[in-house]
Undergrad: 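Below are the C-alpha cells for one structure; questions will follow.
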Amino acid sequence: MAPWVAGIAVVLLAGGGVALWAALRSPVEGSGDASPVATGTRTPSSSPTPSASADPWAGWTLEEQVGQVFMVGVDVTSPAQVSTDAVVDDHVGNLFLHGRTRDGAAPVRALVDSFTARAGRAPLLVATDQEGGRVQVLQGPGFSAIPSALDQASTDPANLRVQAATWGAELAAVGVDLDLAPVMDLVDGDPADNPPVGALDRAYGFTPQSVTSHAEAFSAGMRDAGVETAIKHFPGLGRVDANPDTTADVTDTVTTRDDAAVGVFRDGIEAGARYVMVSTAVYERIDPDVPAAFSSTVVTDLLRGDLGFDGVVVTDDLSGAEQVADVEPGERAVRAIEAGVDLVLVSKVPDVAHEMVEAVVERARDDDVFAAQVRASAERVLRAKGAWPPAS
C-alpha cells in the first residue's frame with residue numbers, strides 16, 4: 001500500500017469513517033443507491049467490510065410512524081377539513097371513503113386524488129366498503145349495482161369471480177386499493193335475529209361451504225383487478241342479536257376458538273387474505289372481558305397464533321361505534337394496538353382522529369415496548385402497500 005493511501009486509511013478509521021473507507025475500496029458498490037436500507041445484493045470477492053446496520057426508519061419521526069397505523073374516514077359527498085388535517089398534520093397514512101354517493105366515478109377520483117397528492121413519505125392506502133346490496137359506498141356512473149352477498153351466493157363461484165373482477169376494476173379506476181369486504185360471518189340461526197349481517201343479506205349463505213366458496217371467489221376477483229380485500233368481522237358477527245355499531249354490550253355467547261365460525265376465516269386466510277377486520281363485539285367463550293378489537297386473546301393468540309395470520313389486522317370502526325363509546329377515543333386506539341392490531345379505523349367520526357393519534361404518540365414516547373409494537377404494525381402496513389423499506 002502506498003504511504004499516502006495508508007495515511008488516509010489511518011485518518012478515516014480514527015474518525016469512524018469505516019463506511020467511507022469501504023467506498024474508496026469499492027466505488028461502484030458505494031454509488032447510486034439512495035435507499036435507506038442496504039440490500040447487499042452485490043457480494044465482494046474479498047471479506048466484506050464491517051458496517052453499522054442501517055435503520056429502516058431513519059429520517060422518520062415518531063409521529064410519522066404512528067400515522068401509518070391509522071385509517072381516517074372522509075365523507076364522499078361532504079369532505080370535512082378534519083379528514084384533510086389528519087393526513088396533512090397528523091401524518092395519517094390511510095384513507096377510508098365513508099358514506100354514500102350516487103354521483104359516479106369522476107368526483108370520487110377527484111376526491112381521492114386530492115388526498116393522495118397530500119400523502120407524506122408513503123403512498124396512501126385508500127379503502128371503502130363496496131360489498132353490494134345495502135352496503136355499497138360508491139354508486140352511479142362508472143360503478144355497477146352490486147347484488148347483496150346473499151344474492152352473490154346463488155351465483156357459481158367461477159362466475160362470481162369474474163363479476164368481482166369487474167367491480168374491482170371500477171374501484172381501481174378511482175384509486176381505491178382496498179375493499180373492506182367480503183363479510184365472512186357465519187350466520188347459522190334465523191337471519192332475521194342477526195341485525196348486523198343476516199337481516200341485511202350480508203351473509204354468503206348459511207353454511208361454512210357456501211360462505212367460504214363465494215367469499216373467496218369475491219376476494220379472488222377483486223385481487224385479479226389489483227384490489228385487496230379485508231375479510232370481516234373476525235371472529236364473526238353472525239351470532240349476535242344486535243349491531244355493535246349502534247348498540248352497546250353486544251356479546252356473542254356461542255363462538256369458541258375452534259368453532260366453525262372461526263374456521264371460515266381460517267379458510268379465507270389460507271386462500272390468500274392479506275387483511276382481516278376484527279369486530280368490536282365481546283366473545284364470551286374466547287375473551288369475556290373486552291371487545292375483540294381490544295383483546296390480545298382474539299388478535300394475537302387466536303388470529304396470529306392459532307390461524308397463523310401474518311398480514312394486516314384492521315379494526316372495525318372505533319370512532320363512532322356504540323359498543324366502544326364508554327372508552328375515551330385515545331384509549332380505544334391504544335388498547336387496539338396493545339392487543340396486536342395494525343390499523344385503527346376512524347371512519348364514522350373523523351373528528352376524533354387527532355385525539356387518537358396524539359394518545360398513541362404519547363404512549364409510544366413513554367413506553368418502549370409499545371413503541372416497538374407501533375413500528376411493527378407500521379411495517380406491516382407499509383409492506384402491504386408495497387412501500388417497505390420506507391423512504392427516508
Side-chain angles (χ1 to χ4, degrees), residues 36-37 52-73 81-96 115 118-125 278 280 289-291 293-300 304 312-321 324-347 349-385 387-392:
V37 178
S53 299
D55 178 7
W57 292 109
W60 280 61
T61 65
L62 175 60
E63 289 80 1
E64 288 170 330
Q65 294 172 25
V66 168
Q68 291 299 315
V69 304
F70 283 90
M71 175 176 280
V72 68
Q81 183 63 38
V82 291
S83 300
T84 300
D85 292 344
V87 172
V88 175
D89 299 334
D90 290 318
H91 311 287
V92 169
N94 310 284
L95 188 72
F96 177 80
F115 275 89
R118 294 177 168 91
R121 294 185 183 273
L124 285 182
L125 175 69
V278 63
T280 55
D289 297 324
V290 292
F294 301 157
S295 169
S296 61
T297 301
V298 171
V299 178
T300 301
R304 296 277 191 215
V312 176
V313 179
V314 55
T315 68
D316 205 343
D317 177 44
L318 293 186
S319 68
V324 295
D326 62 337
V327 180
E328 289 298 315
E331 185 64 17
R332 296 171 208 165
V334 169
R335 290 187 187 182
I337 293 168
E338 283 183 324
V341 162
D342 301 308
L343 197 51
V344 176
L345 180 60
V346 191
S347 57
V349 188
D351 308 67
V352 301
H354 175 72
E355 181 180 349
M356 287 183 161
V357 171
E358 193 172 53
V360 172
V361 169
E362 290 178 359
R363 177 62 179 274
R365 283 195 182 119
D366 296 336
D367 185 335
D368 291 342
V369 172
F370 184 78
Q373 284 185 286
V374 169
R375 285 192 294 273
S377 290
E379 178 178 339
R380 279 197 198 92
V381 173
L382 288 171
R383 285 186 183 278
K385 293 196 282 189
W388 184 264
S392 63

Undergrad: For residues Val361 and Leu62, determine if any side-chain heavy atom of one lies less than 4.5 Å from a side-chain heavy atom of the other.
TA: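 Counting from C-beta outward, Val361 and Leu62 do come under 4.5 Å.
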Undergrad: Under a 4.0 Å threshold between the charged nitrogen and the carboxylate oxygen, would Glu379 count as salt-bridged to Arg375?
TA: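 The answer is no: the pair does not qualify as a salt bridge.
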Undergrad: Taking the side chain as C-beta and beyond, is there a heavy-atom pair between Phe294 and Asp289 under 4.5 Å?
TA: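 They are not in contact (no side-chain heavy atoms under 4.5 Å apart), so the answer is no.
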Undergrad: Kindly write out the residues that satisfy salt bridge (charged side-chain N to carboxylate O under 4.0 Å, His left out) with Glu63, not counting sequence neighbours, or none if the list is empty.
TA: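 If we apply the salt bridge (charged side-chain N to carboxylate O under 4.0 Å, His left out) test to Glu63, skipping adjacent residues, the hits are Arg365.
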Undergrad: Which heavy atom in Ser377 sits nearest to a heavy atom in Val69, and how many Å separate them?
TA: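 Looking at all heavy atoms of both residues, the shortest contact is CB-CG1, 3.8 Å.
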Undergrad: Applying salt bridge (Lys or Arg N to Asp or Glu O under 4.0 Å) as the test, list every pair that has at least one member in residues 324-335; sequence neighbours left out.
TA: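 Listed once each, the pairs are Glu331-Arg335.
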Undergrad: I'd like to check the salt bridge (charged side-chain N to carboxylate O under 4.0 Å, His left out) partners of Asp89; sequence neighbours left out, ordered by chain and number.
TA: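 Per chain and number, Asp89 pairs via salt bridge (charged side-chain N to carboxylate O under 4.0 Å, His left out) with no residue.
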Undergrad: Side chains of His354 and Val82: does their closest heavy-atom pair fall under 4.5 Å?
TA: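 They are not in contact (no side-chain heavy atoms under 4.5 Å apart), so the answer is no.
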Undergrad: State which residues pass salt bridge (charged side-chain N to carboxylate O under 4.0 Å, His left out) with Arg118; sequence neighbours excluded, sorted by chain then number.
TA: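 Here no residue qualifies.
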Undergrad: Within this structure, what is the CG-OG1 distance for the pair Asp90 and Thr84, rounded to the nearest 0.5 Å?
TA: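 Those atoms lie 12.0 Å apart.
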Undergrad: For the pair Ser319 (side chain) and Val346 (backbone), establish whether a donor and an acceptor sit closer than 3.5 Å, ignoring hydrogens and angles.
TA: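 Looks like no, no N/O pair under 3.5 Å.
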Undergrad: For residues Phe96 and Pro350, determine if any side-chain heavy atom of one lies less than 4.5 Å from a side-chain heavy atom of the other.
TA: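 No; the side chains remain at least 4.5 Å from each other.
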Undergrad: Quick check for you: to the nearest 0.5 Å, what is the distance between Gln68 atom CD and His91 atom NE2?
TA: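 If we round to the nearest 0.5 Å, Gln68:CD and His91:NE2 are 10.5 Å apart.
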Undergrad: How far apart are the closest heavy atoms of Pro390 and Leu382, and which atoms are they?
TA: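 That would be CB-CD1, 4.0 Å.
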Undergrad: Looking at Val334 and Phe370, what are the two nearest heavy atoms and their distance?
TA: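 Between these two residues, the closest heavy atoms are O-CE1, 3.8 Å.
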Undergrad: Evaluate the side-chain proximity of Thr280 to Leu318: yes if any heavy-atom separation is below 4.5 Å, no if none is.
TA: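 Side chain of Leu318 against side chain of Thr280, heavy atoms only: contact under 4.5 Å found.
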Undergrad: Got a donor-acceptor contact below 3.5 angstrom from the Ser296 side chain to the Glu338 backbone?
TA: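 Such a contact is absent between Ser296 side chain and Glu338 backbone.
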Undergrad: Please report the closest heavy-atom contact between Phe115 and Val87, naming both atoms and the distance.
TA: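 Nearest heavy atoms, Phe115 then Val87: CD2-CG2, 3.9 Å.
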Undergrad: Return the minimal non-hydrogen interatomic distance between Thr300 and Gly340, and the atom names on each side.
TA: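 Closest approach of Thr300 to Gly340: OG1-CA, 3.9 Å.
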Undergrad: Between Asp317 and Ser347, do the side chains contain an N or O donor and an N or O acceptor separated by less than 3.5 Å?
TA: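 Yes - a donor-acceptor pair under 3.5 Å links their side chains.
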Undergrad: Side chains of Val72 and Leu95, heavy atoms from C-beta outward: is any pair under 4.5 Å?
TA: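 Val72 reaches Leu95 side chain to side chain.
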Undergrad: So, taking the atom named OG in Ser83 and the one named CG in Asp351, what distance separates them when rounded to the nearest 0.5 Å?
TA: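 Answer rounded to 0.5 Å: 8.0 Å.
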Undergrad: Please examine the side chains of Asp367 and Gln373, heavy atoms only from C-beta on, and report whether any two atoms are closer than 4.5 Å.
TA: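 The answer is no, as the side chains (C-beta and beyond) never meet within the 4.5 Å cut-off.
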Undergrad: Tell me the closest heavy-atom pair linking Ala353 and Ala86, and the distance in Å.
TA: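 Closest pair (atom of Ala353, atom of Ala86, distance): CB-CB, 4.2 Å.
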Undergrad: The criterion is salt bridge (charged side-chain N to carboxylate O under 4.0 Å, His left out); which residues satisfy it with Asp342, sequence neighbours excluded?
TA: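 Only Arg304, Arg380 meet the salt bridge (charged side-chain N to carboxylate O under 4.0 Å, His left out) criterion with Asp342.
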Undergrad: Within this structure, what is the CG-OG1 distance for the pair Leu343 and Thr315, rounded to the nearest 0.5 Å?
TA: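 Reported value, rounded in 0.5 Å steps: 7.0 Å.
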Undergrad: Looking at residues at least two apart in the chain, or sitting in another chain, which of them share a side chain to side chain contact (heavy atoms under 4.5 Å, CB included) with Ala119?
TA: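 Testing Ala119 for side chain to side chain contact (heavy atoms under 4.5 Å, CB included), a comparison that skips the adjacent residues, returns Leu124.
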